[in-house]
Visitor: 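Submitted below is the structure of interest, expressed as structure tokens.
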Amino acid sequence: MDLSLSTRTVADHTVLQVGGEVDVYTAPRLRERLIELVDGGARQVVVDLGAVEFLDSTGLGVLVGAHKRLRAAGGTLSLVCTREPLLKIFRITALDQVFRLFDTVNSAVAGDAGAAQ
Amino acid sequence: MDLSLSTRTVADHTVLQVGGEVDVYTAPRLRERLIELVDGGARQVVVDLGAVEFLDSTGLGVLVGAHKRLRAAGGTLSLVCTREPLLKIFRITALDQVFRLFDTVNSAVAGDAGAAQ
Amino acid sequence: MPTVRLSFTPAPVHVRTARLVGVAVARRAGVAEELLDEVRQAIGEACSRAVALHLRYGLSDLVLMEMSDTPEYAVRVTDRAPVIEAVRNLPDADVLGISPDGEPADGLSEEAVAAGMALALLTALVDDLQVRPAAEGPGTEVRMTWPVWRPTR
Amino acid sequence: MPTVRLSFTPAPVHVRTARLVGVAVARRAGVAEELLDEVRQAIGEACSRAVALHLRYGLSDLVLMEMSDTPEYAVRVTDRAPVIEAVRNLPDADVLGISPDGEPADGLSEEAVAAGMALALLTALVDDLQVRPAAEGPGTEVRMTWPVWRPTR
Ligand SMILES: Nc1ncnc2c1ncn2[C@@H]1O[C@H](COP(=O)(O)OP(=O)(O)O)[C@@H](O)[C@H]1O
Ligand SMILES: Nc1ncnc2c1ncn2[C@@H]1O[C@H](COP(=O)(O)OP(=O)(O)O)[C@@H](O)[C@H]1O
């Protein structure tokens with residue numbers, strides 16, 4: 001239920017695996033971690049939301065912020081997300097047009113045509 | 001989480017298996033069922049609390065009521081209970097001295113020396 | 001000032017909500033995991049006692065549960081029933097209704113047995129239990145505290 | 001009169017308690033299981049919006065969430081922030097901050113983006129949403145309802 005964050009490297013991508021509830025209480029920790037990654041030089045970032053149980057607008061704001069930060073630095077942010085309730089939130093907020101959404105970490109890393117949307 | 005009740009017969013005993021939370025909200029249903037059983041002629045009654053997640057004083061009151069009702073009718077009430085948090089509640093309220101507590105339905109039916117206390 | 005305050009109509013179903021809230025706030029306040037079963041039980045007993053009193057007196061007033069998490073986890077449950085009842089219900093051997101031969105006294109109703117058990121459980125489970133007249137108006141408040149563990153960060 | 005009322009200090013951690021309570025009361029009121037995710041999300045958005053407003057204005061007043069279950073499940077979240085803010089935050093394309101090429105407007109802070117998303121989610125998830133000045137004093141109330149299913153017994 002609480003936030004879990006773990007980072008690994010796959011090919012030239014930094015994969016941040018997120019679990020639990022990303023909400024007004026935990027979003028600051030997600031923001032911090034994403035800023036650390038970009039400050040540390042990560043440019044191809046994949047955020048794996050596969051284990052996220054709840055995501056609120058504060059969490060969406062943090063993801064949008066990371067997207068902008070990476071774009072400004074010449075990088076990209078990709079999201080991995082398959083759970084229908086989460087996809088619905090991206091659709092409602094039109095963020096499915098902003099983010100590159102993938103079914104799996106591998107397809108996100110490959111940047112291939114396997115996008116969920 | 002809600003109350004579940006199911007009845008079966010083992011040898012000459014009526015076994016009532018109780019699951020979920022027995023509290024001020026659900027205890028009336030447990031009372032009703034126990035009265036039905038006694039009214040229906042059951043005299044050797046075993047209440048299996050193995051799947052009970054929570055038991056409050058209202059539930060204890062219902063069990064004491066059933067115990068008295070059965071005693072008055074010449075029957076017995078036995079309880080099956082192994083979970084430590086529940087046993088603690090019986091100890092605190094001194095009801096471990098009132099009820100016949102057993103580890104398993106079989107030992108309760110046998111009425112043997114396998115009592116938990 | 002309480003951190004979280006829950007008021008509910010005196011219906012048994014809402015005692016479940018009170019237990020849920022009381023344990024969630026306790027966990028977030030830093031009460032040790034192994035104490036949470038006792039917190040759940042004690043809050044359940046205090047709230048079902050308050051609901052039972054309101055129902056007995058036909059009071060539709062809300063039951064109030066207040067939680068604060070500094071310096072320790074404190075829960076206060078306030079009912080609006082005449083105070084005499086609360087005092088009469090203070091735990092003693094009679095109310096517990098267990099006779100010397102280990103049998104529940106025959107004259108007691110299930111409700112009276114349950115009320116005795118509730119207070120036996122409260123006094124046993126809560127180290128720091130206070131029962132006293134409510135600060136304002138009729139009613140009784142049951143106050144309980146548990147230690148919290150604060151990570152040093 | 002509300003069935004259950006929850007008040008909490010304007011801290012992010014308590015929004016989790018509010019979601020928990022809101023969903024538990026909804027379930028017990030008879031809201032369909034498949035609507036509970038939406039109830040959780042909408043209550044979370046309404047409460048985190050209220051907490052954010054209190055924090056921005058330095059208000060220590062409690063945020064109030066009231067739930068009633070007759071004739072339908074109704075939730076009202078009341079904040080105490082100046083009303084002008086609430087009105088400015090009503091959803092429109094600008095606040096949502098998505099430009100025609102599908103990129104979030106550059107000038108917007110994360111907080112502003114989140115506020116826009118919160119209102120987009122509320123309007124999309126709640127069929128019957130009302131946002132209006134609080135009945136008394138400063139502040140805004142967000143009112144949401146969901147149908148309940150009552151077993152015929
Ligand atoms: N149960 C609680 N009730 C009230 N405040 C809490 C509770 N748990 C944590 N806090 C406070 O919330 C703030 C943020 O908590 P923290 O664990 O630092 O989260 P983060 O790492 O996201 O900043 C801290 O000031 C902390 O003391
Ligand atoms: N979520 C709820 N909020 C308020 N009252 C409820 C709720 N759920 C059930 N009730 C009411 O509580 C009473 C008891 O519920 P019921 O399902 O009949 O339990 P029981 O079978 O134990 O009597 C009924 O009047 C019912 O309408």
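Each chain gets a letter, A, B and so on, in the order the sequences are listed, and its residues count up from 1.
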Visitor: Return the option, out of B:Val62, B:Leu63, B:Thr58, with the maximum number of heavy-atom pairs under 4.5 Å with chain C.
Guide: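 Looking at each of B:Val62, B:Leu63, B:Thr58 in turn, B:Val62 comes out on top.
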Visitor: Identify the heavy atoms of B:Ile92 and C:Ala120 that sit nearest to each other, and give their distance.
Guide: CG2-O, 3.8 Å
Visitor: I need the B:Thr93 OG1 to C:Leu119 CG distance, nearest 0.5 Å.
Guide: 12.5 Å
Visitor: Go through B:Arg69 and C:Glu110 one step at a time and tell me if the salt bridge (Lys or Arg N to Asp or Glu O under 4.0 Å) criterion holds.
Guide: CA-CA 11 Å; B:Arg69 209 168 287 117; C:Glu110 275 181 28; 3.3 Å; yes
Visitor: Test B:Asp2 against C:Arg16 for salt bridge (Lys or Arg N to Asp or Glu O under 4.0 Å), laying out the working first.
Guide: CA-CA 10 Å; B:Asp2 212 345; C:Arg16 308 193 131 196; 3.7 Å; yes
Visitor: Is C:Asp37 salt-bridged to B:Lys88, going by a charged N under 4.0 Å from an acidic O?
Guide: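 Here C:Asp37 does not pair with B:Lys88 in a salt bridge, since their nearest N and O are not under 4.0 Å apart.
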Visitor: Taking the side chain as every heavy atom from C-beta outward, state whether C:Gln41 and B:Phe54 have any pair of such atoms under 4.5 Å apart.
Guide: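 Sidechains of B:Phe54 and C:Gln41: in contact.
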Visitor: With a 4.5 angstrom heavy-atom cut-off, which part of B:Leu55 approaches chain C: side chain, backbone, both or neither?
Guide: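 Just the backbone, heavy atoms under 4.5 Å.
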Visitor: Can you list every salt bridge (Lys or Arg N to Asp or Glu O under 4.0 Å) pair that touches residues 111-136 of chain C, not counting sequence neighbours?
Guide: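 Sorted result for residues 111-136 of chain C: C:Arg56-C:Glu111, C:Arg132-C:Glu141.
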Visitor: Quick check: do C:Val15 and B:Asp56 have side-chain heavy atoms less than 4.5 Å from each other?
Guide: no
Visitor: Quick check: do B:Leu60 and C:Val113 have side-chain heavy atoms less than 4.5 Å from each other?
Guide: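 They are not in side-chain contact.
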